[in-house]
Amino acid sequence: MIEKALGGTRRYWIWIVVLLAVIGAGTLVYLRQFQEGLTVTGLSRDVPWGFYIAQFTFLVGVAASAVMVVLPYYLHDYKAFGKLTVLGEFLAIAAVCMCMLFIFVDMGYPTRVLNIALHPTLNSLMFWDMVVMMGYLVLNVVISRVTFSAEQRKVAPPRWIKPLIILSIPWAVSIHTVTAFLYSGLAARPFWMTAILAPRFLATAFAAGPALLILICLLVRRFTGYDVGREALKKLGVIVAYAMSINLFFILLELFTVGYSDIPEHLEHLKYMYFGVGGQSTLWIWMWASGIIGLFSLVLLLVPKLRTNETLLALACVAVVVSIWIEKGMSMVVVGFVPNPFHEFTEYAPSASELTISLGIYAVGILILTGLLKVALDVRKHKPKVV
Amino acid sequence: MSGETSRRVFLQTTGAAVLGIGCGIPLVRALASEIEDEQGTGPRWAMVVDTRKCAETCGKIDGSPPCAAACHRIHNVPTKIEDPKEEVKWIWTEPYEHTFPGRDPKYLSDDLRGQDVLVLCNHCENPPCVRVCPTQATWKRDDGIVMMDMHRCIGCRYCIVGCPYGSRSFNWKDPRPHIEEVDDDFPTRSKGVVEKCNFCSEKARDSADGTWTPECVAVCPEKALIWGDISDPESELRKTLAERFTVLRKPELGTRPRVFYLV
Ligand code: SF4
Ligand code: SF4
Ligand code: SF4
């Protein structure tokens, strides 16, 4: 099976070499970080978590969103998602791997990271996050392997896999819920201390994840001819539309509670995030961009005539991913730290090293996804046309 | 921990994860902590900071007050790091308005406005830093001191995120070249771990009766810092608390700080 990943056209190999080059650059910079410490990042006393943890948070959402194709297909026997589920599961696997790498590179003392497992600490949400992420990875690897090899041999998948598939559904919800709990249970950080953080995480995940999946499907179809079907893409578009609307609704709920109650400790973070009050950073411009792009995507998604046009759907999906990435991958973590417990505004911007390492990790994820897809699609006898 | 026990602990934790009860545990703990703490018979250490005495004595000096300088000297704190973003510090001063936020700064009495207030780890009775640490590298001793195990810490900085008082420092780079003069009586740290005030617990080693005086308390010329056993009604500390009005930093958060302030 593995050998399938190794045969391919020139285009495929150029793609692989590019990815490997980015991974190489990321690794080199990481080695420097390993030598010199996290001083190579833009992090500080006041903003101890930043870009890495934010990417982790965003990608947990991508991983969890696989449930949006698994659930209709397996629970409701929605046949149109038949060719899609494996893509969803692969995306989940790649995303979980990236999550783990982002956590790893964020560690100050990476060689001791196993201490989390050696000294299991039930009251730490970080421990639980590790448990659910590992479990989710195992579940997805097992499920995709077993169902895939059954399909290959043209037999029905073994019956014991069904309970695992069912289990993977609440499990997907749990990974993002626990990730939200990482933040939302801290009295020290009023910005995150809101019960709606977990639902918001899920809404953004179920918008950005399927949007990403649509884009991947379109790319895969373009380069390999493997077509998941118009019906599947249309349905995914509907899911993105719902999730994005709910996300926007949740944001309004948050704004109301914080704005109307007018408690300075909570309000200050929002003022900083949307108007830059107190600080010097340009984060607020990004946040406005995120909002406008999000609204724009919603228009495209909510009007059925626009949504069913594949080009516009692709555009809407790019907009959804960008809007949510800015919110989760740039601002959500950082704003929790500004102002700090002493009411001082310390700015944060990721350093070039941080960005290079992050790019490297994204390249690892894309490489994993490419490899998995290559194997799966070759086996499915959809000879790659160009890639 | 024996192999068998750790295996059992592991199985239990995994089992609990499957059942999804993990999220309930901090809650149960939080509810239980009211009953759980302040049991036991030994001493429980606490401190009172007399901010007015501090202001009168050290209010005018530039740089670190003597207490901070002494603490940092004996604990090998890398004070030569200039970048405020990467500073490591165990005890330092912050303006009154920043230490006790939430009061209307406009109508603050003149002597309090901008007054420097000493801050250090509060050794909270219900410490969120301990609650969040995934490795128990920070934990609370029976005598109330919140300790750091710099050999177990993985540098995840969750404790810094969880501490509502900014009391913790992370070693963004190797601290050793940035120590003024290394004191061999206290370990130096490596890059990538968190550190903070330990109430000078290392001094217990040389003490016959199990009590000691923290360095910052000992060097203060005006005795502005009072240190003692909060479980002993006869201690100077308890008497001060009984007689005078003290405030805490962010008491509404339920962390129950053990550093009290006379204002
Ligand atoms: S002040 Fe911060 S570091 Fe010290 S015990 Fe309390 S929460 Fe922990
Ligand atoms: S940085 Fe160290 S002490 Fe702090 S939470 Fe992580 S492992 Fe625990
Ligand atoms: S009690 Fe000891 S460790 Fe803590 S600030 Fe004072 S001198 Fe430093």
Side-chain angles (χ1 to χ4, degrees), chain A residues 36-49 53 103 106-132 135 167 170-171 174 177-178 181-183 185-189 264-265 336-337 339-344 346 348, chain B residues 1 6 9-10 12-14 16-18 20 22-23 25-26 29 83-88 94-95 97-99 101-102 119 128 130-137 151-158 160-166 168-174 190-194 250 253-255:
Chain A
E36 290 175 28
L38 285 164
T39 178
V40 304
T41 67
L43 297 167
S44 62
R45 268 188 85 82
D46 293 332
V47 187
W49 283 352
I53 296 290
I103 289 292
D106 190 65
M107 291 293 135
Y109 216 113
T111 49
R112 286 185 191 156
V113 70
L114 280 181
N115 279 358
I116 303 186
L118 295 176
H119 309 284
T121 309
L122 298 189
N123 40 277
S124 173
L125 266 305
M126 199 175 275
F127 167 74
W128 290 104
D129 217 15
M130 191 203 66
V131 171
V132 291
L167 177 65
W171 204 290
S174 85
T177 306
V178 175
F181 285 178
L182 213 54
Y183 301 101
L186 303 175
R189 311 289 170 180
E265 281 209 333
F337 297 116
N340 74 359
F342 290 106
H343 247 251
E344 293 151 344
T346 308
Y348 160 83
Chain B
M1 201 186 280
S6 63
V9 169
F10 178 72
Q12 279 166 355
T13 49
T14 329
V18 173
C23 324
I25 286 168
R29 250 190 65 91
D83 182 355
K85 287 186 163 185
E86 299 198 347
E87 247 179 334
V88 177
E94 289 282 343
E97 300 90 317
H98 290 180
T99 316
V119 292
V130 171
R131 200 183 309 152
V132 300
C133 175
T135 63
Q136 295 149 54
H151 297 284
R152 188 186 281 195
C153 175
I154 59 174
C156 67
R157 312 185 294 296
Y158 202 6
I160 303 185
V161 178
C163 169
Y165 306 100
R168 294 174 160 259
S169 301
F170 180 71
N171 285 289
W172 298 97
K173 53 188 167 204
D174 182 10
S190 58
K191 66 170 185 288
V193 297
V194 165
K250 304 186 185 174
L253 300 183
T255 55

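Sequence lines set the chain letters: A, B, ... in the order given, protein chains first and strands last, and positions in each chain run from 1.
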Part of [X] within contact of chain B (heavy atom distance under 4.5 Å):
| X | result |
| --- | --- |
| Thr346(A) | side chain |
| Asn340(A) | neither |
| Pro264(A) | neither |
| Leu43(A) | both |
| Ile53(A) | neither |
| Asp106(A) | both |

Roughly how far, to the nearest 0.5 Å, is [atom2] of [Y] from [atom1] of [X]?
| X | Y | atom1 | atom2 | result |
| --- | --- | --- | --- | --- |
| Thr177(A) | Leu125(A) | OG1 | CG | 11.0 Å |
| Arg157(B) | Leu38(A) | CZ | CG | 5.0 Å |
| Tyr109(A) | Ser190(B) | OH | OG | 4.0 Å |
| Arg112(A) | His119(A) | CZ | NE2 | 10.0 Å |
| Thr99(B) | Lys250(B) | OG1 | NZ | 10.0 Å |

Is [X] in contact with chain A via its backbone, its side chain, both, or neither, using a 4.5 Å heavy-atom distance?
| X | value |
| --- | --- |
| Thr255(B) | neither |
| Cys133(B) | backbone |
| Tyr165(B) | backbone |
| Pro84(B) | backbone |

Pairs of heavy atoms under 4.5 Å with chain A: top-ranked of [options]:
| options | value |
| --- | --- |
| Ala137(B), Cys153(B), Pro101(B) | Cys153(B) |
| Leu253(B), Asp83(B), Asp174(B) | Leu253(B) |
| Lys85(B), Arg152(B), Gln136(B) | Arg152(B) |

- Note on the structure: Of the listed Pro339(A), Gly37(A), Gly108(A), the one with the largest count of heavy-atom pairs under 4.5 Å with chain B is Gly108(A)

- Mind checking whether Val132(B) and Val161(B) have side chains closer than 4.5 Å, heavy atoms only? no

- Message: Is there a side-chain contact between Phe342(A) and Val119(B) in this structure, where contact means two heavy atoms from C-beta onward sitting under 4.5 Å apart?
- Response: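 They are in side-chain contact.
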
- Message: Evaluate Ser169(B) against Glu87(B) for side chain to side chain contact (heavy atoms under 4.5 Å, CB included), listing each step before the verdict.
- Response: CA-CA 7 Å; Ser169(B) 301; Glu87(B) 247 179 334; over 6 Å; no

- Query: Would you call Glu86(B)-Lys173(B) a salt bridge at under 4.0 Å N-O?
  - Reply: yes

